[in-house]
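Data block below; observations after.
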Amino acid sequence: MPEDTDTTLKHIQRGNLQEFEKLFRAYYPLLCHYALRFVKDTNQAEEIVQELFCQLWENRKNLKIHTSLKAYLYKATYFNSLQVLRKRGVKTQYEEYIKNNKPKSSLPIDSVEEKEIYNIVNTTLANLPDRCSKIFKMSRFEGLKYQEIADKLSISVKTVEANMGKALKAFRKNLKDYVGIIVL
Amino acid sequence: MKENTSHKIEWEIISKYLSGEMNAEEKLAFEKLIDSNPTYAEIVSASDKDLDLIQEVNEIQQQFNVDVAWSAVKSNLSDLKKANTTKVIPLFSLQNTKKLIQIAAMLIIAIGLGFASYHIYNDKFAPYQSISSELNESGKSIILADGSIVTLNGKSELVYERSFAGKERRVKLTGEAFFSIAKNPDKPFIISVGNAEIKVLGTSFNVNASNKHVEVLVESGKVQFSLAKEPDNKIILEKGDFGVLQEDFLEKRTQNDENYLSWKTQLMVFKAMSLQDVSKVINRTYQVNIQFNDTAIQNLPITTSFNKTPLNDVLENLCRPHNLTYEKSGSQITIKKELK
C-alpha cells in the first residue's frame with residue numbers, strides 16, 4: 001500500500017523523530033542497494049543514504065515534495081550517487097548514466113527494491129510462528145540441511161518438512177499479487 | 001484460501017524439492033508430476049521465484065544494517081533533544097556489522113544463575129528494556145542504542161537502557177554474553193554482573209563468571225574490573241589478561257583454555273583430553289548434558305577438533321573409534337559402551 005506522503009511529511013516537519021525513524025527503517029536498505037548500483041561501493045552507498053536522511057531532517061521545514069516521498073527518496077539517492085561519481089572523476093560512467101537514465105523516471109527496476117515486496121517478505125517472515133520462521137531461516141539463510149536443522153532443534157525431519165511447507169505456502173499467498181500469476 | 005481443486009497442493013513436497021532435499025528417485029517422480037500438470041508446475045516455479053526474492057531481501061538486509069545506520073544518523077542530527085526512543089531489534093547474524101561503529105571492547109561475561117537474578121530492575125534502569133534467551137538459544141544478538149553489539153549465550157538475560165541518555169552506558173547481565181562495545185570516550189560502558197562491575201576503558205575484552213564467581217578475559221584494550229560496592233577495589237586488565245572475582249577477592253590469572261569461547265565460535269579443540277572433560281566443553285557449546293553409563297569410558301583420551309559441526313556428527317565422531325554409542329533425548333545425552 002502506498003504511504004501517505006502528506007501525513008508522513010507533516011509529521012516529520014513537525015519534528016516527529018519516530019515517524020522519521022519509521023521512514024528511515026522502511027527505506028534505508030533499499031536505497032543503499034539502489035545507490036550501490038551506481039557507486040559500486042557499499043560504504044559509499046551507505047554514506048550517501050545516511051547523508052540524504054540527515055539533510056532531509058535538517059531541511060525538513062523548507063522541504064516541498066511534489067511527487068511522492070518514495071519517488072523523492074529514490075530520485076535524491078540517484079542524483080547524490082551521480083554526484084559522487086562525478087567527484088570521483090568517473091566522467092564516462094557519469095555521462096553514460098545521464099544519457100541512459102535521464103528521460104524516464106529514476107525509480108528502480110529491480111523488483112526487490114520495490115518497498116512493497118520488501119515489506120511483504122519481512123512481514124510474512126515476522127508473522128510466521130517462531131519455530132516455523134526459525135526453521136525457514138536456518139534452511140534458506142544459513143543453508144542447513146533438513147537433517148541438520150532437526151538435530152540442532154532436537155525435532156524430527158518430518159517437523160522440519162511440515163514447517164518449511166507452511167512457510168512456503170504463506171510466502172506464496174502473500175506474494176501472489178506481485179510475483180507470478182497463480183491464484184490459489 | 002482455495003486449494004486447486006484437481007490437485008491438492010502439497011507444500012511440504014514442493015519445499016523439499018526446492019530445498020534440494022529429495023533423493024534421485026523422489027526427484028524423478030516429482031518432476032514427472034510437474035510435467036504432467038502445468039498448474040502445479042507454475043506454482044512450483046512461482047515458489048522458486050519467491051525463494052529467490054526472499055533470499056535477495058535477506059542479503060540486502062544483511063548487507064545494510066539498518067540498526068547500526070540509524071544510530072549513526074541519529075547521532076548526527078543537530079537537534080537531538082527529542083530523541084529519546086531508539087528501538088533495538090534482535091539480529092540474526094552479525095557477519096556484516098559495518099565499519100561505522102568502532103569497536104572499543106569485546107568481552108564475555110558469565111555468571112552463576114543462582115545469585116544473579118535479584119535486583120535486576122533498579123532505578124538506574126527506569127527506561128529499561130530487556131532481552132533474554134532460552135537454554136537452546138545461544139547466539140541471540142542485539143544492537144544497543146549506541147551501536148554496541150551483545151550476543152547472549154543460552155539462558156541469559158540483558159537489561160539495558162533504551163537510549164543511554166545519561167553520562168554512562170549501563171547494562172546488567174545475568175548468564176553469559178559476548179560484548180562488542182562501540183567506542184565513546186565521553187560515555188563509559190559499564191556492565192553490572194552479580195557483585196562485580198566491569199567498566200570499558202577503550203579496549204576489547206571477554207568476561208565469564210559462574211557460581212559466586214565472575215571472570216573477565218580481555219581480547220584487546222583496557223578494562224576496569226571492580227566490586228560494585230567498592231569501586232576502589234579494582235584491577236585493570238589489558239590484552240590477554242584474565243581477571244577473576246571470587247566472593248570479594250579480585251585477582252589476575254592466566255587462562256589457557258582454548259575452548260573458552262566455544263559457545264560463541266562453535267570451534268572446539270581437544271588435545272589428549274579425557275572424554276569427561278571433552279563432554280564438559282560440548283555441554284557448554286551445545287547447551288546439552290552428557291552422562292556416561294560406565295565410569296571406565298570417562299577417561300578415554302580424545303584428540304580431535306570440530307569447527308561448527310552439528311552435534312550429532314560430533315557425538316558420532318567421538319563414539320565410533322572407541323566402540324561407543326550414544327542416546328539422545330532432548331538435551332540429555334548418554335554415552336554408552338557398546339554391548340557385544
Side-chain angles (χ1 to χ4, degrees), chain A residues 15-18 20-21 24-25 28-30 32-33 36 42-43 45-46 49-50 53-54 57-58 110-113 117-118 121-122 124-125 136-137 139-142 144-148 151-154 157 161-162 164-169 171-173 175-176 178-184, chain B residues 1-4 9-16 18-21 39 42-43 45-47 49-51 53-58 60-67 69-70 72-74 76-80 82-87 92-93 98-100 136 286 310-313 328-331:
Chain A
N16 185 333
L17 193 71
Q18 268 156 355
F20 182 66
E21 181 180 352
F24 181 84
R25 286 182 176 279
Y28 182 76
L30 299 177
C32 287
H33 191 251
L36 185 61
T42 36
N43 284 337
E46 294 205 69
V49 180
Q50 289 182 17
F53 274 95
C54 287
W57 182 256
E58 306 295 306
D110 264 9
S111 53
V112 164
E113 279 166 9
I117 289 182
Y118 181 81
V121 168
N122 279 331
T124 307
L125 202 55
F136 184 81
K137 282 173 197 157
S139 167
R140 304 307 305 187
F141 301 162
E142 292 169 36
L144 297 181
K145 297 304 254 175
Y146 281 10
Q147 183 66 53
E148 292 172 329
D151 290 346
K152 277 207 164 181
L153 300 179
S154 303
V157 172
E161 277 178 19
M164 285 299 290
K166 197 189 217 172
L168 202 63
K169 182 177 175 180
F171 278 113
R172 185 81 289 265
K173 184 185 167 201
L175 284 168
K176 69 173 190 288
Y178 292 89
V179 186
I181 39 154
I182 308 298
V183 181
L184 297 181
Chain B
M1 185 179 7
K2 255 192 296 164
E3 295 282 12
N4 190 310
I9 300 165
E10 289 168 304
W11 290 101
E12 291 178 26
I13 312 275
I14 297 176
S15 169
K16 211 174 155 186
L18 295 175
S19 303
E21 292 279 344
T39 320
E42 271 184 87
I43 292 172
S45 105
S47 272
K49 271 188 213 136
D50 289 349
L51 289 174
L53 219 55
I54 294 160
Q55 187 82 32
E56 213 176 320
V57 166
N58 180 52
I60 292 178
Q61 263 167 340
Q62 293 294 317
Q63 194 172 13
F64 303 107
N65 187 322
V66 73
D67 293 298
W70 173 245
V73 165
K74 211 178 88 177
N76 275 324
L77 302 178
S78 54
D79 49 346
L80 248 185
K82 295 167 199 98
N84 46 19
T85 51
T86 300
K87 239 195 251 150
F92 308 114
S93 153
K98 281 278 105 103
K99 291 168 200 152
L100 292 169
N136 60 356
Y286 293 91
L311 176 59
N312 281 1
D313 294 348
K328 195 167 151 223
S329 151
S331 62

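Chain identifiers are assigned alphabetically (A, B, ...) following the order of the sequence lines, protein sequences preceding nucleic acid strands; residue numbering begins at 1 within each chain.
- A:F136 is listed as a side-chain neighbour of B:L51, based on a closest heavy-atom distance under 4.5 Å.
- The backbone N or O of A:Y146 lies less than 3.5 Å from a partner atom in the side chain of B:E21, making a donor-acceptor pair.
- Residues meeting the side-chain hydrogen bond (donor to acceptor under 3.5 Å, both in side chains) test with A:Q147, sequence neighbours left out: A:D151.
- Residue B:N65 comes nearest to A:E46 through the heavy atom pair N-OE1, 4.5 Å, listed as atom of the first residue, atom of the second, then distance.
- For the residue pair A:R140 and B:L18, the shortest heavy atom distance occurs at NH1-O, 3.7 Å.
- Scanning both residues, B:V73 and A:C54, for their nearest heavy atoms gives CG1-SG, 4.0 Å.
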| task | Please test A:L175 against B:K49 for side-chain contact (heavy atoms from CB on, under 4.5 Å), starting from the C-alpha separation and ending with a verdict. | result | CA-CA 10 Å; A:L175 284 168; B:K49 271 188 213 136; over 6 Å; no
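- Using a 30° and 60° split on the angle between ring planes, A:H33 and B:F64 fall in the perpendicular class, above 60°.
- We find the CH2-CZ distance between B:W70 and A:R25 to be 8.0 Å, quoted to the nearest 0.5 Å.
- Judged as a salt bridge (charged side-chain N to carboxylate O under 4.0 Å, His left out), and not counting sequence neighbours, the contacts of B:K16 are A:E161, B:E26.
- Residues B:N58 and A:K137 have side chains not in contact (no heavy-atom distance under 4.5 Å, counting atoms from C-beta outward).
- Taking all atoms of both residues into account, the shortest heavy-atom contact from B:I60 to A:L30 is CG2-N, 4.4 Å.
- Nearest heavy atoms, A:F141 versus B:Q55: CE2-CA, 4.5 Å.
- Closest non-hydrogen pair, A:K145 versus B:G20, comes out as NZ-O, 3.5 Å.
- The distance from atom CD of B:E10 to atom NZ of A:K169, rounded to the nearest 0.5 Å, is 11.5 Å.
- Taking CZ from A:F171 and CH2 from B:W11, the interatomic distance works out to 12.0 Å, rounded to the nearest 0.5 Å.
- Contact count against chain B (heavy-atom pairs under 4.5 Å) is highest for A:N122 among A:N122, A:T124, A:L144.
- Comparing A:S154, A:A162, A:C32 by heavy-atom pairs within less than 4.5 Å of chain B, the highest count is held by A:C32.
- B:I14 touches chain A through backbone and side chain together, each having a heavy atom under 4.5 Å away.
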